[in-house]
Amino acid sequence: MRVGVLALQGDVREHAEILEGLGADVVLVRLPEDLTDIDALVLPGGESTTIGKLADRYGMVEPLRAAIRRGLPAFGTCAGMIFLSGSTTEADPQVQLGVLDVVVQRNAFGRQAESFEADLAVEGIAEPVHAVFIRAPWVEKVGQGVDVLAEVDGHPVMVREGNVLASSFHPELTGDDRIHALLLAMVEEA
Ligand code: GLN
């Protein structure tokens, strides 16, 4: 299985290591042609406005949108989730793919708790997931057809809509490969 990791900005290497540990071949995706031969795509966290700007500069916005709309299984973490979604609660627009029907609130957990860890019950995973949140968004509004897979204090932090999976937290930072395994299972399903 060939899994792309969007390598414009953010914690690319950590995702690549988890995916390789699961037996996938990792392709670093920077240009439209890098999308042609992959079975799934990971969109790492970082800073979503920067990722959007770089995607725009490299001519990646339409190719990414088209590939995911065609059914490419995709998994976005944190800023990757924001980039996948259709809008944020902020007034300033930013470049987003609009392939996940949710509204996100950026940096949602407040200043005093900008970064925290929590053990989360995640639908489809038997034992709790130790989740690391770093200036994380939550999902403010969920469209029809979006399943909420995990919540913190009633706010969705992991969702799935068809071939698109997204989490507010960073499973690549804890050495836990179960969420990435979900993405690979989505490839088998597809
Ligand atoms: N706060 C960042 C944003 O709004 C996301 C942080 C992250 O990806 N860890 O884009």
Side-chain angles (χ1 to χ4, degrees), residues 3-19 26 28-30 40-58 60-61 64-65 68 74-120 122 129-142 146 148-153 155-161 164-180 182-183:
V3 180
V5 178
L6 187 64
L8 298 175
Q9 193 245 3
D11 51 350
V12 173
R13 192 198 313 175
E14 291 82 351
H15 283 285
E17 277 168 13
I18 299 251
L19 292 163
V26 171
L28 298 186
V29 171
R30 292 198 181 89
L41 177 68
V42 171
L43 299 94
E47 176 58 42
S48 60
T49 53
T50 305
I51 292 169
K53 278 182 199 153
L54 292 173
D56 195 33
R57 185 178 309 160
Y58 289 103
M60 284 297 280
V61 175
L64 282 168
R65 206 174 260 153
I68 297 169
F75 171 40
T77 56
C78 204
M81 171 197 250
I82 299 167
F83 185 47
L84 285 167
S85 71
S87 59
T88 76
T89 56
E90 287 174 26
D92 284 347
Q94 64 183 81
V95 179
Q96 291 178 281
L97 295 177
V99 293
L100 173 63
D101 186 12
V102 297
V103 178
V104 293
Q105 175 153 351
R106 295 177 61 199
N107 305 318
F109 289 95
R111 276 191 163 274
Q112 71 280 28
E114 274 177 355
S115 301
F116 64 98
E117 304 186 13
D119 289 316
L120 284 188
V122 174
V129 170
H130 188 70
V132 176
F133 294 82
I134 304 169
R135 294 175 54 77
W138 70 44
V139 173
E140 184 66 29
K141 239 191 245 165
V142 181
V146 177
V148 174
L149 305 184
E151 292 182 336
V152 170
D153 298 336
H155 302 289
V157 293
M158 183 168 167
V159 293
R160 178 176 175 182
E161 182 182 18
V164 180
L165 181 69
S167 70
S168 301
F169 55 91
H170 290 270
E172 76 284 5
L173 295 183
T174 50
D176 184 341
D177 62 8
R178 291 174 295 167
I179 310 264
H180 292 76
L182 279 184
L183 176 69

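Index from 1, following the sequence. In listed order, ligands and their atoms are each counted from 1. In what follows, every heavy atom counts, from backbone to side chain, and hydrogens, waters and symmetry copies are set aside.
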Taking atom 1 (N) of ligand 1 as the reference point, the nearest protein heavy atom with its distance: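 Nearest protein contact, heavy atoms only, for atom 1 (N) of ligand 1 is Asn107 OD1, 2.7 Å.
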
Identify the closest protein heavy atom to atom 4 (O) of ligand 1: which residue and atom is it, and at what distance?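 The answer is Arg106 NE, 2.7 Å.
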
Is [X] reaching over with its side chain to a backbone N or O of [Y], donor-acceptor style, under 3.5 angstrom?
X	Y	result
Arg30	Ala7	yes
Thr77	Gly45	yes
Arg135	Asn107	no
Gln96	Ile82	yes

Verify the distance criterion only: is there a donor paired with an acceptor across the side chains of Gln94 and Ser48 at less than 3.5 Å?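 Looking only at side-chain atoms, Ser48 and Gln94 do form a donor-acceptor pair, the distance falling under 3.5 Å.
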
Of all the heavy-atom pairs spanning Pro44 and Ile51, show the shortest one and how long it is.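 So the two residues come closest at O-CD1, 3.7 Å.
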
Check whether any N or O atom of [X], backbone or side chain, sits under 3.5 Å from an N or O atom of ligand 1, and answer yes or no.
X	result
Gly45	no
Ile82	no
Cys78	no

Distance filter under 4.0 Å to Ser48 heavy atoms, resulting ligand 1 atoms: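 Near Ser48, the atoms of ligand 1 are 3 (C), 4 (O), 10 (O).
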
Counting heavy atoms only, which part of Thr49 comes closer than 4.0 Å to ligand 1: side chain, backbone, both or neither?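 Within the 4.0 Å criterion, Thr49 makes no contact with ligand 1.
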
Does only the side chain of Thr77 get under 4.0 Å from ligand 1, or the backbone, or both, or neither? Count heavy atoms.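 Answer for Thr77: neither.
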
Taking the basic N atoms (NZ, or NE/NH1/NH2) and the acidic carboxylate oxygens, is any pair closer than 4.0 Å for Arg106 and Glu47?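 Yes, charged N to carboxylate O under 4.0 Å.
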
Between Gly76, Gly52, Gly46, which one has a non-hydrogen atom sitting closest to atom 5 (C) of ligand 1?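 Nearest heavy atom to atom 5 (C) of ligand 1 lies in Gly46.
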
